[in-house]
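Shown next, in structure tokens, is the structure this report addresses.
A note on names: the letters A, B, ... follow the listed sequences, proteins ahead of strands, and every chain is numbered from 1.
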Amino acid sequence: MVMLTVALIAFAMFQFVGDPIANMVGQDTSLAEREQLKEDLGLNGSIFTQFGHFVKNAVQGEFGRSYRLRKPVRELIAERFPATLELSLLSAFLALLVGIPMGVFTALRRDSWLAQGFMTLSLIGISLPTFLIGIFLILFFGVMLQWLPTFGRGDVVDLGWWTTGFLTISGWKSLIMPAITLAIFQMTLIVRLIRAEMLEVLRSDYIKFARARGLRERSISFSHALKNTLVPVITIIGLQIGSLIAFAIITESVFQWPGMGLLFIQAIEEVDIPIMSAYLLLIAFVFVLINLVVDVLYYAIDPRLRMD
Amino acid sequence: MKMKSLVIAGVSALALSAVAAVPASAKTFKFAFQGDAQSLDPHSLNETFTLGMLGNVYEPLIDYDKDMKKIPGLATKWEAVSPTKWKFTLRQGVKFHNGNAFTADDVIFTWERMGSEGSDQKARAGLISKMTKVDDFTLMIETPVPNPTVLNEMTNMFIMDKEWAVKNNATKSSSPKDAGRDGSYATTHENGTGPFIVESRQPDVKTVFVRYKDHWNKNIATNVDRVEFTPIKQAATRVAALLSGQIDLVYPVPVQDWKRLNSAPGVKALAGPEARTIFLGMDQMRDELLHSSVKGKNPFKDIRVRKAFAHAIDLNAIKKAIMRGAATPSGLMWAPQIQGFNAASNTPYKYDPAMSKKLLADAGYGDGFTVTMDCPNNRYVNDEKICQAVAGMMAKVGVKIDLLAQPKSKYFAKVLAQGGYNTSFYLLGWTPGSMDVYNVFNSLIACQNKEKKAGAFNLGGYCNSRITELTAIVASETDVAKRQAAIDESAKILQDEVGYLPLHQQPLSWGVRDGVNVAQRADNVLDYRDVVMP
């Protein structure tokens, strides 16, 4: 249902993105041929006819052919998916690895100068737009120091069903800057979220009891307090991973990262409707899937939900 | 177990790539452009970058050198037997990349394929009415009418191997209409005769070319063995890739980055005149403008208003402030590189705002009026900024411009024929694909005429019956002096009537690493034949 709605909204929007034909033919192509092409592609039908046609094919796993690249959309997305997924997962991992300890630390040592420093940093991270962070990184590490490649994925290893940059040095080098760029916003979000939740939990009665029982501070913070902050945090993080995949668009276009986001943004520019519709549908699917996983995870973390 | 096999796959792939690495002496040239070629099929899309890139892989009978002069390609010589008949002598001993020999049959096949359904080269194929094979290396080519530009058009007829196409079921040009069916094999594979072979390609990501060792011409300037092409969409990323030393050449470079490139060590900006003319057009066909405060009449039908516009725009200010001194202000709708250009006719309108004001007052618009201007914002060099400048200049003489700047997809959808020429005042750029002035006449200046396929891009509907007569002469007169006289007369009429407001030829703007020599062709094509690495 969600996906059907997304598809319908997407199709309604496609009426306003412009004319695909002008990008598909050269300037010497006659008007009659242009009209014929439009007719052949089914662009003259009403939006509902077009939508019905699309849904019928999509159910069978057929998304048509890209107007611009003239390859099946399914193939194009399959080619690009690994790049986006590797980038998103690495930055999610980075964000969690750095964000959770920082969040816990800032909650426990609220007044230390280091915690204050972290909070200032997270404020900067949350307010700087992604493309600016990316450009700064490129300028500093790519152009001035020349340590890291400024664009692309480096050498990738093709495993047949998957292409990965994790197995080569240039692949890792290429990953660093885009992953950091993408991770910073998520990281700062996690820091602030964990800190706020922790402060709340630390004030609650059972923590006071735990202290009264003389448990070690470390075990209170990590096994009692942190565990209880995780439920809302997981919801947010789950959705954030979805948005990492969906909104890698900006990072991907700054770093010319050959993922789905770049494919999508180029599709918008050239009015490549088959790619746009398939991409939006896929993202809707990812969000549905993540919501499901998050719901299942609640059960694993919160024993109260398992009672009935 | 699975993990282990993954690691092994990775390691062996690493080892393989090490083995496959080119020897140290081999020269690799890396470049980036803002987009990618849409297809490897040379007949499926008539677009500059696609054809320019494929020109390294496929070859025409007649080619351009770096100064856009016609030179022998797969034909060694050609002569006019009669005004409508040419005799071509083909080059012998040429082999396609798969080893097949090149003969007259391949030329005839290519011509037929260009005319096939789905081809975007149908207009070019239509210029030739008949091809007759005399022997394997002699060909008679006939045109329906005397045509002085057919040789220019032939520089974009890329010859494909007939046998290969038949074998791979690619005898018809691939087209976007093939959606859903099996696409043409030629979209993703190539078999040309050119000096470079496509080794691998992932659209939008990377295309690798290697030198074709058995190419017929051993005197090509280039010393490059391998070309790696990466599309990089964002201008800032493109420039950074050049500055960081990962790429040898990038284009286009925003003109505002020239200073930075020239002050950075090891790279420089490379600017030259492009054959693209940027101009403004006005709706002169409707009785009332679609987007204006003037109701009941069309101010652009009044020549005084058109003149007032012409004299209100300061071309030199646009050149200096927006184009960083790199544009060539123009009084003609075609550039100096175009066949038929005559410097004597090329006088831009004088900048004279006082005269503009007077003309507007005479025409009854002393208090000015409002008109909407359509402008693309991602198509030409600084297109939106030019429109803003024009709006500012027009404001000085009392005309208020409502600027509607949009991405090219939306802009073209609105202003071109399929959008019903829905514009009152617009900015457009034009490079004739044939590099001959006739294309400009037929597309932009001739009266709109659907049956004759004329004036399709004459968005404002400018129409002059004398120019229509002269266009017919330009189309078919093979006597150069007579033809030039017709061109010059039309240029004068067009300028006197202010049919269009030409602005300038925009600059080519490339960024290149020091020591890398390239030829910057006026049609913005990068020919690998002219790339010399240090």
Side-chain angles (χ1 to χ4, degrees), chain A residues 16-35 37-38 40-41 57 62 64-65 67-72 76 79 135 138-139 142-143 146 149-153 155 157-160 164 166-168 253-256 258 262-263 265-266 268-271 274, chain B residues 6 9-11 13-14 17 32 35-36 38-39 44-47 120 122-124 174-180 183 187-188 202-206 230-234 236-238 240-241 243-246 378 406-413 416-419 430 433 439 443 450 453 456-457:
Chain A
F16 302 101
V17 287
D19 176 17
I21 307 292
N23 295 314
M24 288 159 71
V25 296
Q27 61 186 24
D28 295 332
T29 306
S30 73
L31 187 56
E33 281 174 47
R34 285 167 195 252
E35 285 298 342
L37 184 58
K38 202 167 178 183
D40 289 344
L41 291 172
N57 286 332
E62 180 56 62
R65 231 162 238 269
Y67 294 163
R68 188 169 65 91
L69 299 168
R70 301 180 185 191
K71 285 176 89 175
L76 283 168
E79 266 172 22
I135 296 270
I138 289 182
L139 185 67
V143 175
Q146 308 213 344
T150 57
F151 72 92
R153 237 187 133 189
D155 296 324
V157 175
D158 193 347
L159 305 175
T164 179
F166 287 150
L167 296 174
T168 61
S253 73
V254 168
F255 289 96
Q256 191 67 27
L262 192 63
L263 185 70
I265 205 154
Q266 277 167 338
I268 294 179
E269 200 154 289
E270 305 285 333
V271 198
Chain B
L6 268 185
V11 170
L14 269 178
S17 64
D36 198 354
Q38 298 206 0
S39 165
S44 68
L45 181 70
N46 182 17
E47 183 245 353
D120 198 29
K122 278 202 277 272
R124 284 210 171 96
S174 63
S175 87
K177 293 176 210 170
D178 291 338
T187 309
T188 46
Q202 194 184 352
D204 271 353
V205 179
K206 195 178 188 182
T230 317
I232 302 183
K233 200 180 115 52
Q234 298 284 338
T237 312
R238 210 154 54 233
L243 287 170
S244 65
Q246 298 167 81
N378 60 354
Q406 307 189 86
K408 59 183 179 188
S409 299
K410 296 217 65 175
Y411 166 78
F412 285 122
L416 294 190
Q418 289 193 306
W430 196 265
N439 174 291
S443 303
K450 265 192 193 172
K453 295 184 181 171
F457 290 86

Going from NZ on B/K233 to CD on A/Q266, what distance comes out if it is rounded to the nearest 0.5 angstrom?
6.0 Å
Is chain A contacted by the side chain of B/Q406, its backbone, both, or neither, given a heavy-atom distance below 4.5 Å?
neither
Non-hydrogen atoms of A/G142 and B/S244 that approach each other most closely:
O-CB, 3.2 Å
Side chain, backbone, both or neither: which part of B/L416 has a non-hydrogen atom closer than 4.5 Å to chain A?
side chain
Contact leader toward chain A among B/N46, B/D204, B/T188, where contacts are heavy-atom pairs under 4.5 Å:
B/D204
Side chain from CB out, backbone as N, CA, C, O: work out which of these in B/A240 comes under 4.5 Å of a heavy atom of chain A, or both, or neither.
both
Part of B/A236 lying under 4.5 Å from any heavy atom of chain A
side chain
By a 4.5 Å heavy-atom criterion (distance strictly below it), what part of B/Q246 contacts chain A: side chain, backbone, both, or neither?
side chain
So, does A/Q256 use its side chain to make a donor-acceptor pair with the main chain of B/V205 at under 3.5 Å?
no
Rounded to the nearest 0.5 Å, the CD1 atom of A/I138 sits from the OG1 atom of B/T237 at a distance of 4.5 Å
Under 3.5 Å donor-acceptor, B/Q234 side chain and A/F255 backbone:
no
Which atoms of B/P407 come close to chain A, meaning under 4.5 Å heavy atom to heavy atom: side chain ones, backbone ones, both, or neither?
neither
Comparing B/W430, B/F412, B/F457 against chain A, the one with the most heavy-atom pairs below 4.5 Å turns out to be B/W430
So how far is it from A/E270 CD to B/Q38 CD, rounded to the nearest 0.5 Å?
6.0 Å
The interface call for B/Y411 against chain A, heavy-atom contacts under 4.5 Å, is neither
Results of side chain to side chain donor-acceptor pair (under 3.5 Å) for B/D36 - residues two or more places apart only:
B/R201
Which region of B/R238, side chain (C-beta onward) or backbone (N, CA, C, O), has a non-hydrogen atom less than 4.5 Å from a non-hydrogen atom of chain A, or is it both or neither?
neither
Contact class of A/L139 relative to chain B, heavy atoms under 4.5 angstrom:
side chain
